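Here the structure is laid out as structure tokens; the discussion comes afterwards.
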Amino acid sequence: MSGDFALLRRFDPVGLRESAGRWRRLSVAAEESNGWHRHRVSGPLRGHWQGRDADSAFYTMESTEQKLEVVRVEAESVALVLDTVADRMDQARTNLSNALQRADEWNLPVADDGTVGLPPQTAPDRHDPDAREERQNQVVLRDQVQDRINASLAAAREASDQGARALGRLGAGILAQPRVFGAAAESAQDVQDVAKDLGLATPYIPENKDPKQSAEWWKSLTPEQQQSCITLHPEEIGRLDGLPATVRDQANRLVVEQQLDTLKAGNAKGSGITYEEWNQRQTNLHALKEALDKGDAADEQHQLFLLQVDASGDGKAVVSTGNPDTADHTAVLVPGTGTTMTSTSGQIDRIGRLQDSAERADPGSKVAVISWLGYDAPEISGSVLTPGRAEDGAEDMRRFTDGVRTAQGDHRSNLTVIGHSYGTTAVGAAAAGGQGLQADDIVAIASPGMDTDNAANLHINPDHFWAGTADDDNISLVTGATLGPDPTLGAFGGQTLGIDTHGHSGYWDPDSESLNNQGRIIAGRRPNTVDNHRDEPPAIVPGL
């Protein structure tokens with residue numbers, strides 16, 4: 001006890017906190033190095049290097065990038081341990097100092113080993129009733145001080161033991177083990193185990209209900225606390241609407257890395273999900289990562305940001321080309337029937353073309369276009385004929401666009417929301433409810449119906465609602481049947497959009513009027529319009 005007592009009296013948390021700061025700087029450096037490697041090395045090479053040698057090299061590069069992610073997480077975990085132990089030890093030292101101050105005030109001697117004694121007593125005092133009563137009071141006070149000293153020492157020992165146990169989990173061996181998969185998954189598990197070793201509850205992170213509340217909470221954190229949250233709790237941070245796009249991208253890319261590595265390294269047995277779901281999640285995440293990797297060579301204005309990821313089921317992914325927080329013009333493209341996470345590459349192609357078109361319409365401006373697969377798009381089945389999937393995702397879409405506005409702060413971008421196919425039904429359900437989508441323009445491309453009967457219901461000036469459908473698009477066979485009237489009809493109250501492409505997926509063909517008009521709307525320009533209003537809704541084909 002004597003050694004612990006002397007050590008705690010002399011304890012200074014500065015050393016531990018400085019060490020924690022150095023580990024945290026290592027974590028940041030690893031993250032920055034990973035980003036530099038992706039954007040300056042592997043990304044540019046993916047654009048033109050192919051073949052067996054390329055495959056081998058990219059495998060090695062991905063391994064290097066994953067190791068940097070592991071270092072990032074492990075180093076931040078070490079910093080958490082050191083800071084936690086420093087705080088607890090410092091509190092124990094403060095409690096000890098307070099106990100010693102009480103001993104001094106009450107004239108109680110404390111030995112070098114922390115034992116509290118009683119003041120000397122003269123012989124006459126031993127026979128004086130008043131002195132005996134005073135002595136009994138001194139005994140009570142001595143016991144109180146001794147209990148405080150003992151509790152301080154116990155707390156210090158516990159903090160030290162917990163820290164040693166937690167640090168024992170974090171070592172370079174995680175990078176040295178000869179294995180193909182599992183390191184990123186292990187680092188994610190280490191975070192949970194370290195928190196358990198330290199007896200730490202999950203820090204407060206708001207639910208994803210109010211983007212403004214989430215943004216205010218984020219701003220209340222120190223830069224160190226923010227970085228710790230991103231690294232140690234990426235899944236919770238990545239889902240929060242209202243946070244900066246750069247923050248969500250950092251967190252969600254780490255989620256993809258860790259979840260994909262977990263799936264590759266393990267198996268479905270005992271996981272609580274079926275083998276089919278296990279394999280589907282792996283397929284979803286692999287397709288998403290592959291699509292994101294292709295964008296690593298892009299310049300700053302065309303960089304990809306992963307704003308949401310959920311690999312369960314068909315998967316949900318929200319990806320932006322360009323930063324919506326700083327863009328002059330922002331668009332949200334909501335895809336329709338049959339879109340899944342495995343479709344991410346195609347969706348990125350579409351938003352890239354929309355971005356290029358808007359940049360041509362307003363040269364010199366910054367444009368961001370977001371693919372929002374934040375709802376469960378219907379399969380080609382009976383669900384495509386009902387508004388259920390659209391209505392289920394309506395609140396999420398409203399919260400997302402509110403989050404876009406919140407993250408922009410005082411910088412208000414021109415915001416356009418574009419729906420394609422059943423995505424127009426989802427846009428209609430979201431725009432008609434609550435406070436709408438806060439959009440400057442809404443565009444309905446190839447709409448089967450928007451779950452509402454008039455543009456005036458969409459919380460937008462009807463002059464800024466646009467609809468268009470190709471003459472030979474088979475969607476016309478079901479438009480107006482079960483999801484609301486055809487929005488290209490004059491009775492809907494909006495405006496029509498010039499369409500010169502063919503079929504259901506040609507609306508983003510390069511150099512087409514269909515694409516150019518969408519780009520002009522995104523850029524805040526008026527499109528070339530055509531009077532394609534039809535006096536009567538199309539005939540309903542029996543059986544559809």
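Because only heavy atoms are used, hydrogens play no part in the values below, and waters and symmetry mates are left out as well, while side chains stay in. The structure displayed is predicted, hence computed values, not measured ones.
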Item to check | Intermediate values then yes/no, salt bridge (charged side-chain N to carboxylate O under 4.0 Å, His left out), E32 and R25 | outcome: CA-CA 10 Å; E32 291 176 346; R25 287 194 290 276; over 6 Å; no
Item to check | E133 vs N137, side-chain hydrogen bond (donor to acceptor under 3.5 Å, both in side chains): CA-CA, chis, key distance, verdict | outcome: CA-CA 6 Å; E133 183 178 350; N137 290 335; 5.0 Å; no
Next on the checklist: Evaluate D293 against K289 for salt bridge (charged side-chain N to carboxylate O under 4.0 Å, His left out), listing each step before the verdict.
Outcome noted: CA-CA 6 Å; D293 286 346; K289 186 177 186 305; 3.1 Å; yes
Item to check | Stepwise salt bridge (charged side-chain N to carboxylate O under 4.0 Å, His left out) check, R165 with D161 | outcome: CA-CA 6 Å; R165 187 162 54 250; D161 291 344; over 6 Å; no
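Note on D193 versus R169: salt bridge recorded, some NZ/NE/NH1/NH2 to OD/OE distance being below 4.0 Å. Ion pairing of D296 with R40 is absent here, as no side-chain N (NZ or NE/NH1/NH2) approaches a carboxylate O to less than 4.0 Å. Between E62 and R46, at least one side-chain nitrogen of the basic residue sits less than 4.0 Å from a carboxylate oxygen of the acidic one, meeting the salt-bridge criterion. Salt-bridge annotation for R281 and E277: present, with a side-chain N of the basic residue lying under 4.0 Å from a carboxylate O of the acidic one. The pair E65-R38 does not meet the salt-bridge criterion, since no charged nitrogen lies less than 4.0 angstrom from a carboxylate oxygen. Contact check on D55 versus R52 returns no salt bridge, with no Lys/Arg side-chain nitrogen under 4.0 Å from an Asp/Glu carboxylate oxygen. D402 and R398 are not joined by a salt bridge, as no carboxylate oxygen comes within less than 4.0 angstrom of a charged side-chain nitrogen. Ion pairing of E105 with R102 is present here, as a side-chain N (NZ or NE/NH1/NH2) and a carboxylate O approach within less than 4.0 Å.
Looking at heavy atoms from C-beta onward, L8 lies in side-chain contact with S152 at the 4.5 angstrom threshold. Taking 4.5 Å as the limit, some side-chain heavy atom of R10 sits within range of a side-chain heavy atom of L7. Contact annotation: the side chain of Q347 approaches that of T339 to within less than 4.5 Å [non-hydrogen atoms, C-beta and beyond]. When side chains are defined from C-beta on, I174 counts as touching S187, because their heavy atoms get closer than 4.5 Å. Contact of the Y375 side chain with the V334 side chain is registered, since non-hydrogen atoms from C-beta on lie closer than 4.5 Å.
A distance of 11.0 Å separates CG of L96 from CE of M89, quoted to the nearest 0.5 Å. Expressed to the nearest 0.5 Å, how far NE2 of H39 lies from CD of E300 amounts to 10.0 Å. To the nearest 0.5 angstrom, L141 atom CG is 12.0 Å from Q136 atom CD. From N252, atom CG reaches atom CD1 of I237 across 10.0 Å, with rounding to the nearest 0.5 Å. Going from atom OG1 of T406 over to atom NZ of K212 covers 4.0 Å, rounded to the nearest 0.5 Å. Separation of atoms OG1 (T283) and CH2 (W278) is listed at 13.0 Å; rounding is to 0.5 Å.
The 12-atom threshold is not exceeded at CD of Q50, counting heavy atoms of other residues, nucleotides or ligands nearer than 6.0 Å. A 6.0 Å sphere centred on CD of Q438 holds more than 12 heavy atoms belonging to other residues, nucleotides or ligands. Shown here is W23, whose CH2 atom has no more than 12 heavy atoms of other residues, nucleotides or ligands within 6.0 Å. Taking a 6.0 Å sphere around NZ of K67, one finds it holds 12 or fewer heavy atoms contributed by other residues, nucleotides or ligands. Under a cut-off of 6.0 angstrom, the local environment of NE2 in H233 is crowded, with over 12 non-hydrogen atoms contributed by other residues, nucleotides or ligands.
When only modelled atom types and interatomic distance are considered, N284 and Q280 share a side-chain donor-acceptor pair under 3.5 Å. In the model, T321 has no side-chain atom that pairs as donor or acceptor with a side-chain atom of Q303 under 3.5 Å. Between the side chains of Q91 and D87, no donor N or O sits under 3.5 Å from an acceptor N or O. Between the side chains of Q162 and R88, a donor-acceptor pair is found at a separation under 3.5 Å. There is a side-chain donor-acceptor pair under 3.5 Å between E69 and N34.
Aromatic ring pairs are classed by plane angle as parallel below 30°, tilted from 30° to 60° and perpendicular above 60°; the pair W217 and Y204 is perpendicular.
Between D325 and A407 the shortest heavy-atom distance is OD1-CB, 3.4 Å. The shortest heavy-atom contact between R405 and R412 is NH2-NH2, 3.1 Å. Nearest heavy-atom pair, A215 versus L243, reported as atom, atom and distance to 0.1 Å: N-CD1, 4.3 Å.
Considering R24, R17, R22 as possible partners of D83, the one that fulfils the salt bridge (Lys or Arg N to Asp or Glu O under 4.0 Å) test is R24. Under the side chain to side chain contact (heavy atoms under 4.5 Å, CB included) test applied with I230, the options E76, R248, R72 reduce to a single match, R72. Put simply, the residue from V81, L82, L80 that forms a side chain to side chain contact (heavy atoms under 4.5 Å, CB included) with T84 is L80.
Side-chain N or O atoms of S33 include one that pairs as donor or acceptor with a backbone N or O of A29 at under 3.5 Å. Side-chain atoms of S413 come within 3.5 Å of backbone atoms of D328 as a donor-acceptor pair (strictly under, hydrogens ignored).
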